[in-house]
Amino acid sequence: MKNILPLIPTSTGLREEITSFVVGAVKPFVDEKGMAVGGIRLYVLCLDKQEEENVQIALKLGKPDWFKKDWLERKFMDQFIALEEN
């Protein structure tokens, strides 16, 4: 039997990939002082039900605002990316 575990991403690994993408996409726009991120909309295209479930687990979609408040905001602070209030 083939070892398929390397083909199945862990939720933590997938969360890190998504976070890196978001931070990398926002960073060029906030290099100037005094500029803050006003809002982000994240759309994820899943090709099948398994990918959809993996994203839901990785982003903890069962806990509203967890990814934004508890995870992404912390990563933004680590990168000195300011967020608007609210």
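Everything numeric here is computed off the predicted structure, so don't read it as measured data.
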Requested in this report: Not counting sequence neighbours, which residues clear side-chain hydrogen bond (donor to acceptor under 3.5 Å, both in side chains) with E53? List them please.
Outcome: none
Report summary line: Taken in chain and number order and not counting sequence neighbours, the residues that satisfy side-chain contact (heavy atoms from CB on, under 4.5 Å) with D48 are Q50, E51
Query raised in the report: Does any non-hydrogen side-chain atom of L59 lie less than 4.5 Å from one of L42?
Result: yes
Name every donor-acceptor pair, under 3.5 Å, that has one atom in a side chain of residues 18-26 and the other anywhere in the protein, sequence neighbours excluded.
unit_1: T19; atom_1: OG1; unit_2: R15; atom_2: O; d: 2.7
unit_1: T19; atom_1: OG1; unit_2: W71; atom_2: NE1; d: 2.7
unit_1: S20; atom_1: OG; unit_2: E16; atom_2: O; d: 3.0

Report summary line: Heavy atoms of S11 and A58 approach each other most closely as O-CB, 3.4 Å
Query raised in the report: Looking at OG1 of T12 and CD of E17, how far apart are the two atoms once the value is rounded to the nearest 0.5 Å?
Result: 11.5 Å
Query raised in the report: Do I40 and F76 have side-chain heavy atoms sitting under 4.5 Å apart?
Result: yes
Requested in this report: Please answer: with hydrophobic residues joined when any side-chain heavy atoms are less than 4.5 Å apart, are I57 and W66 in the same cluster?
Outcome: no
Query raised in the report: Linking I/L/V/M/F/W/Y whenever their side-chain heavy atoms sit closer than 4.5 Å, directly or via other members, would L14 and L61 fall into one cluster?
Result: yes
Query - Closest non-hydrogen atom pair between V55 and V44, with its separation - result: CG2-CG1, 3.8 Å
Report task. Enter the distance from K68:NZ to E73:CD here, rounded to the nearest 0.5 Å. Result -> 6.5 Å
